[in-house]
Amino acid sequence: MKLKIAQTLAEALHELYQIDWQTDTSIIQNTKKEFEGDFTIVVFPFVKMAHKSPEMVANELGQYFTQKLHCSFNVVKGFLNLMFPDTLWLDFLRKNSRNLQFGYVKTEENEPVTLIEFSSPNTNKPLHLGHIRNNLLGDSVSRILSACGKNVVKVNLVNDRGIHICKSMLAWQKFGNGETPESSHTKGDHLVGKYYVEFDKHYKAQVKELEEKGVSKEEAEKQAPLMVEAQDMLRRWENNDPEVRALWQQMNNWVYDGFDMTYKQLGIVFNKVYYESQTYLLGKALVDEGLKKGVFYHRNDQAVCVDLHDKGLDEKVLLRSDGTSVYMTQDLGTAQLRYEEFHPQKMIYVVGNEQNYHFDVLKIVLGEKLGKTFGKAIYHLSYGMVELPNGKMKSREGTVVDADDLMEEMIFQAKEKTSELGKNAVENVNELYEMIGLGALKYFILKVDPKKNMLFNPEESIDFNGNTAPFIQYTHARIKSLLRKAADNGIDYALDSVSVNSAENSEKDLIKSLYEFPQVVQQAGDTMSPALIANYIFALAQNFNSFYQETPIFKEENAGKRGLRLQISELTALVIKNGMSLLGIGVPEKM
RNA sequence: GGCUCCGUAGCUCAAUGGAUAGAGCAACUGCCUUCUAAGCAGUAGGUUGUUGGUUCGAUCCCAACCGGAGUCACCA
């Protein structure tokens with residue numbers, strides 16, 4: 001509709017004022033509630049070229065629209081409000097109310113792959129709140145892009161090697177007494193995380209001891225026996241020492257078992273999992289290629305570098321002086337590997353904004369220095385940090401909010417709240433608690449603009465009232481209850497079966513809001529922002545609840561009016577369901 | 001210090017350069033004999049960090065300053 005209006009506007013401008021205007025739907029807005037109308041055009045941009053007053057331009061355009069599109073209009077200052085007959089909205093409702101895929105675009109057979117990497121955990125500690133934001137964002141954006149017709153492939157890149165893993169391994173060897181997840185009834189990732197903390201504790205003590213003997217802090221950190229041993233272990237790992245590799249396998253497997261449980265509870269599934277131990281060497285060929293091309297060079301100390309001063313960045317090391325690879329090396333390699341495997345049109349990396357610089361470099365090195373076409377396909381979906389009231393989370397200092405604990409707490413709160421309200425007379429109560437508790441958590445995180453830092457206060461547990469998932473879930477459950485009642489009473493409310501040709505303002509407001517849903521999904525896809533979906537659904541639910549409160553449905557004797565209201569309710573429930581599903585949140589039939 | 005991002009109600013967050021800057025929480029007032037009160041209606045709360053600029057119009061764009069975060073590794 002907006003497109004039609006924009007096209008008509010272009011014609012009108014040309015005919016009336018000889019203005020050539022590029023059709024652009026963004027100038028067509030929804031009329032604000034305080035004013036009368038369906039769509040609004042701001043005419044200020046055209047008054048200068050038309051050499052007329054804003055009111056005159058608006059009126060003349062209004063006349064034109066009346067003739068072409070059979071609408072009426074009013075003018076307030078420079079704002080032209082267009083009003084369409086109710087049948088426009090009723091037709092929309094009739095066409096879409098039973099379309100279960102409403103808002104979703106079907107993925108074409110030949111649609112190229114859109115690759116999205118997220119989660120990317122280290123295997124030395126369990127997942128925490130920061131990872132939750134990453135996982136929820138990645139998962140939700142995947143769902144949204146799929147709904148926009150993209151062919152999405154979700155990948156995870158597990159950082160399963162490196163000094164941090166060796167630290168956990170070493171501490172377990174020294175202090176673990178053979179403890180296993182089974183023997184201690186501890187989730188595997190938590191057990192391994194415990195020894196990571198254990199390492200740090202003993203390491204700090206050693207550093208302190210050395211410092212007391214007069215060794216400088218810097219030297220003490222290098223000389224501490226635990227650190228020396230950990231580094232030795234890493235070297236043995238790289239040399240394929242069977243003993244170290246066996247321990248590494250065993251502890252990583254514990255962690256994977258733990259991660260699997262966490263992912264399962266979060267509702268997250270990957271199409272492919274990469275392991276850094278299998279990919280970290282891949283970038284070396286690309287580095288050689290760059291050296292041959294002359295875009296990289298050996299520094300005096302033999303480290304391979306790239307000079308990015310022409311891009312406003314610094315010199316960056318791509319290969320250590322001993323020939324081993326760094327983070328950037330392996331990211332160059334995995335990018336190429338993925339490109340060859342999937343030929344994606346886009347490679348999205350969901351990674352925190354602390355790595356903005358890294359991705360700037362990655363894009364330039366691949367795309368411009370090495371001239372790879374897939375360099376341009378890289379998109380860093382950079383999200384803000386989750387902060388606690390007293391600042392950032394630090395895993396070694398124990399100021400983290402653990403992912404599993406948080407989920408468990410949310411589900412528990414859902415249970416408490418539900419019994420408090422006396423609403424647990426539902427089958428599958430445990431499923432309901434989970435839906436509400438995890439829904440509240442997911443919504444709390446996803447409703448915030450991804451690129452912004454956000455605050456989480458563990459003291460004030462997440463609300464179940466107001467702008468929250470339970471509010472929206474509750475709205476859905478109430479609608480379902482209405483629809484069940486209609487079915488029980490044999491009421492057929494399909495618009496083709498009842499006679500309606502007009503709608504009241506409150507009804508039209510809701511229909512217009514529902515009409516927006518597909519556009520919101522598209523916009524959320526374009527901007528990769530689940531927050532847009534969340535805000536939209538909340539506004540819709542609010543809108544519906546007012547309607548629900550003020551407008552009786554079953555007391556209405558006019559079958560046409562009653563049918564219309566039920567039909568609006570049905571599509572509202574569907575949009576809530578489909579929208580929440582894009583956030584990875586389920587909605588109950590009853591609550 | 002260089003670069004990047006952010007500053008909106010007491011708190012957490014919204015607002016494609018457009019009409020009187022909106023929600024939720026917290027506070028206060030009403031509404032369950034009525035389709036589910038995890039709800040609805042209402043009151044109060046703002047110099048959109050500051051100062052300039054761009055224009056018909058700026059929370060949004062530009063500049064400077066103030067305040068905060070991130071980053072500037074042969075860590076990932």
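Naming convention: chains lettered A, B, ... in sequence-line order (proteins, then strands); numbering from 1 in each chain. Because only heavy atoms are used, hydrogens play no part in the values below, and waters and symmetry mates are left out as well, while side chains stay in.
Considering only the side chain of A/Gln542, B/rC40 comes nearest among B/rC40, B/rU71, B/rU16. Of the listed nucleotides (B/rU16, B/rG39, B/rC6), B/rG39 has the atom at the smallest distance from the side chain of A/Asn545. When distances run from any side-chain atom of A/Leu455 to the nucleotides B/rU12, B/rC6, B/rU55, the shortest one goes to B/rU12. Proximity note for A/Met591 (side chain, C-beta onward) versus B/rA76, B/rA38, B/rC13: the nearest is B/rA38. Nearest to the side chain of A/Ile436, among B/rA38, B/rA76, B/rC35, sits B/rA38. Proximity note for A/Asp314 (side chain, C-beta onward) versus B/rU4, B/rC72, B/rA19: the nearest is B/rC72. Between B/rA76, B/rG39, B/rC35, one nucleotide has an atom nearer to the side chain of A/Phe554 than all others, and that is B/rC35. Relative to the side chain of A/Lys48, the nucleotides B/rA19, B/rU55, B/rA38 differ in distance, and B/rU55 lies closest. In this structure, of B/rA41, B/rA37, B/rU16, it is B/rA41 that holds the atom nearest to the side chain of A/Ser546. When distances run from any side-chain atom of A/Val326 to the nucleotides B/rA38, B/rA76, B/rG24, the shortest one goes to B/rA76.
Using Watson-Crick or G-U wobble geometry with both donor-acceptor distances under 3.5 Å, B/rG70 finds its partner in B/rC3. B/rG24 is paired with B/rC11 under the Watson-Crick or G-U wobble criterion, all donor-acceptor distances under 3.5 Å.
Under the 90° criterion around 0 for the glycosidic angle, B/rC32 counts as syn.
Using cut-offs of 30° and 60° on the angle between ring planes, the pair A/His128 and A/His131 is tilted. A/Phe39 and A/Tyr515 have perpendicular rings, their planes meeting at more than 60° on a 0 to 90° scale where under 30° would count as parallel.
Nucleic acid contact for A/Glu276: sugar-phosphate only, since backbone atoms but no base atoms lie under 4.0 Å from a heavy atom of the residue. Counting any heavy atom pair closer than 4.0 Å across all strands shown, A/Ser120 reaches no nucleic acid atom. Nucleic acid contact class of A/Ser26 (heavy atoms, under 4.0 Å, all strands): base. When heavy atoms are screened at a 4.0 angstrom cut-off, A/Asp449 is found touching the sugar-phosphate backbone but no base atom. Within 4.0 Å of A/Asn81, counting heavy atoms only, lies at least one base atom of the nucleic acid. Across all strands shown, A/Val317 has heavy atoms under 4.0 Å from sugar-phosphate atoms exclusively, and none from any base. Heavy atoms of A/Met385 sit nowhere under 4.0 angstrom from any nucleic acid atom. Contacts of A/Arg161 with the nucleic acid, taken as non-hydrogen atoms under 4.0 Å apart, are absent. Using a 4.0 Å heavy-atom criterion, one finds that A/Ser53 contacts no nucleic acid atom at all.
For the pair A/Asp331 (side chain) and A/Tyr327 (backbone), a donor-acceptor distance under 3.5 Å is absent.
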Just do the salt bridge (Lys or Arg N to Asp or Glu O under 4.0 Å) check on A/Asp38 and A/Lys512 with the steps written out, would you?
CA-CA 8 Å; A/Asp38 298 320; A/Lys512 284 190 220 171; 2.9 Å; yes
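Centre separation under 5.5 Å together with a plane angle under 30° does not hold for the ring of A/Phe471 and the six-membered base ring of B/rA38, so they are not marked as stacked. Judged by centroid separation below 5.5 Å and plane tilt below 30°, A/Phe44 does not stack onto the base of B/rG57. A distance cut-off of 5.5 Å between ring centres, combined with a plane angle under 30°, places A/Phe35 in a stacking arrangement with the base of B/rA19.
Within 6.0 Å of CD in A/Glu557 there are 12 or fewer heavy atoms belonging to other residues, nucleotides or ligands.
Nearest approach of A/Leu566 to A/Tyr493, heavy atoms of both residues: CB-CG, 3.5 Å.
Under 3.5 Å, the side chain of A/Lys555 and the base of B/rU34 form no donor-acceptor pair of N or O atoms.
Here, B/rA15 and B/rC60 have their P atoms 14 Å apart, quoted to the whole Å.
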